[in-house]
Amino acid sequence: MSAEVVLSVDHVVKTFRVHQQRANSLKQLIAARGRNVFDEFLAVDDVTFDVHEGEVFGVIGQNGSGKSTLLKCMAGILRPNKGSVRVHRRMGVLLELGAGFHPDLTGRENVFLNAAILGMGRKEISQRFDAIVDFSGLHKFIDQPVKTYSSGMYVRLAFAVAINVDPQLLIVDEILAVGDVSFQRRCMEKFVEFRNDGRTIVLVTHDMGSVKNLCDRALWLERGRAVDQGDPGGLVDAYTERMLGGSQRSEDGPSRRGSGELQVTRIEMMVGDDQAPVSRLRTGDALRLRLHYRSDTSVPQPVFGVEIATLGGVAITAPCSRDVGMVPSSLSGEGFVDVSFPCVDLLPGTYDLHTSVTDFNRAHVYDHLQGAMRFDVMTGRPYETGGIVSFRPEWTVS
Ligand SMILES: Nc1ncnc2c1ncn2[C@@H]1O[C@H](COP(=O)(O)OP(=O)(O)OP(=O)(O)O)[C@@H](O)[C@H]1O
Ligand SMILES: [Mg+2]
């Protein structure tokens, strides 16, 4: 990837000292000689990755796998025992409930403290203070200690600070789990807006749907170690499979039928003008499907078809080349057929692609690939939260 690195985490190790339960034998008691005895607990174990400009980077892993600890190291709230974290852009952080805010300080004091940690000068904070409080909607409570806040109020204030420092890099820990639905939606909209602005987001979440839909890359932690990183689709599938012990795997791969004189041998998906095949797209992308075919004999008037369907099997669209009169008099040997969709307004989710090649009357099937390809659609433009397609609505109020 050519985009600039905005955050680099380099061989970071973070241990915590935990008090040993208590000496369970006289021998241990003597060995300790009254000193405090600690165990070193490895919460983050030699983790390395880079986050690039404009990326949404997800961190996944089970409870206790070290996600929040890693994020606190990135935010400078914890200092790694080994390794380094370098942050090259102005950062906004929204950590798990309780981190970053001091319970005994008031909302106002915490805003100043928090914004200072994020690198804002006192003068600048004063200038933005009103905007922060306005955003949070907590005017009445701003001079009360935050320990009296509800979790929703707490998160609203933290969110208001995080986005009002005008961050180029936003670090968010599990915030979608707190707050009400409208707050979650506002967060989500903000993330999409941020991403469309080319800002960078690092996101911890247990919501695998958002990882697939929103993230460009992801990191999987297990007991403090990085198991894998890369394409979120594959990572989430592997993670989910591991969590479920491989019991819920339903994909059987493509199944083929037909007489076989002409077959689709390979399918590529390309987005925009790019030539490189992809496995995911965003709502609103221009999509090109390339069906490579092969036939050993000459096949007269073949008709190619594709179907995009939900995982439940509902066909969303199923065009064929005959619809537009593109029927060659015959095909033989190898080649490919392209079908372009100028604007795919599918909303985020996972979809199946089926392909078919038939005779002119669509009666005789040469080749039918059920489940030829499964692909993910990530959040793009337009942004909508219900249904499976966007009709690009325009709203007016009179
Ligand atoms: N201050 C601390 N002192 C001692 N141990 C800690 C401390 N903070 C975290 N730990 C331990 O480090 C491990 C990783 O915790 P962390 O909060 O980073 O996990 P997590 O992946 O964020 O989990 P979750 O999904 O539940 O939020 C856990 O075993 C936790 O008990
Ligand atoms: Mg956590």
Side-chain angles (χ1 to χ4, degrees), residues 7 9-22 35-49 51 56-85 87 91-104 113-114 117 146-147 151-152 154-155 158-159 162 169-179 183-184 187 191 201-212 214-215 217-229 232 235-236 238-244:
L7 171 81
V9 171
D10 191 21
H11 296 289
V12 162
V13 174
K14 179 68 198 171
T15 61
F16 290 112
R17 289 181 134 196
V18 280
H19 287 271
Q20 242 173 30
Q21 294 301 73
R22 70 161 70 105
R35 281 179 286 128
N36 273 334
V37 178
F38 296 107
D39 275 339
E40 292 277 315
F41 178 80
L42 249 181
V44 175
D45 186 5
D46 196 21
V47 171
T48 298
F49 63 93
V51 178
V56 181
F57 190 91
V59 181
I60 63 174
Q62 278 181 287
N63 297 125
S65 56
K67 304 179 298 295
S68 298
T69 306
L70 183 64
L71 253 57
K72 283 180 213 159
C73 289
M74 297 189 222
I77 290 184
L78 290 175
R79 182 201 285 267
N81 300 71
K82 280 191 213 143
S84 67
V85 171
V87 179
M91 178 173 56
V93 282
L94 206 52
L95 294 175
E96 58 178 357
L97 225 54
F101 275 179
H102 196 295
D104 295 321
L113 187 70
N114 215 237
I117 291 172
V146 298
K147 67 182 172 197
S151 59
Y154 189 99
V155 148
F159 189 64
L169 168 63
L170 185 66
I171 294 184
V172 184
D173 193 352
E174 210 41 91
I175 229 58
L176 297 171
V178 201
F183 175 77
Q184 290 175 11
C187 288
F191 293 161
I201 303 172
V202 178
L203 188 72
V204 164
T205 179
H206 287 285
D207 174 14
M208 292 305 131
S210 351
V211 176
K212 275 193 171 185
L214 201 66
C215 295
R217 277 193 312 134
L219 170 77
W220 169 9
L221 286 184
E222 207 171 275
R223 288 198 216 104
R225 294 193 76 97
V227 179
D228 199 3
Q229 52 180 298
L235 212 65
V236 165
Y239 172 73
T240 321
E241 195 178 322
R242 173 97 54 111
M243 293 306 112
L244 298 171

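Side-chain atoms are counted along with the backbone in the values below, which use heavy atoms only and exclude waters and symmetry mates. Atoms within each ligand, like the ligands themselves, are counted from 1 in listed order. Starting from 1, each residue takes its place in the sequence as its number.
Residue contacts with ligand 1, taken as heavy atom pairs separated by less than 4.0 Å, do not involve R17 at all.
For atom 16 (P) of ligand 1, the nearest non-hydrogen atom from the set T69, D173, V204, I60 comes from T69.
Checking each of V93, L169, V172, V9 against V202 for a side-chain contact (heavy atoms from CB on, under 4.5 Å) leaves exactly one that passes, namely L169.
Of the polar atoms of G64, at least one N or O is found under 3.5 Å from an N or O of ligand 1, judged by distance alone.
Contact of the E222 side chain with the R242 side chain is registered, since non-hydrogen atoms from C-beta on lie closer than 4.5 Å. Within the 4.5 Å cutoff, the side chain of L70 has heavy atoms near those of the L219 side chain.
Counting atoms of ligand 1 from 1 in the listed order, those under 4.0 Å from a heavy atom of H206 are 25 (O). Those atoms of ligand 1 with a heavy atom of A43 less than 4.0 angstrom away are 12 (O). Taking every heavy atom of S68 and a limit of under 4.0 angstrom, the matching atoms of ligand 1 come to 17 (O), 18 (O), 20 (P), 22 (O), 27 (O).
Qualifying side chain to side chain contact (heavy atoms under 4.5 Å, CB included) partners for N63, counting only residues two or more places apart in sequence or in other chains: H206. Among residues two or more places apart in sequence or in another chain, the side chain to side chain contact (heavy atoms under 4.5 Å, CB included) test is passed with T15 by V13, E40, L42, N81.
Atom CG of D207 sits about 9.5 Å away from atom CG of L214, to the nearest 0.5 Å.
For N63, every N, O or S atom stays at 2.8 Å or more from the Mg ion (ligand 2).
Note on ring orientation: taking the six-membered ring where Trp is involved, the planes of F49 and F57 are parallel (angle under 30°, cut-offs 30° and 60°).
Ligand 1 does not have G61 within reach: every non-hydrogen atom of the residue lies 4.0 Å or more from it. A heavy-atom separation below 4.0 Å is found between Q62 and ligand 1.
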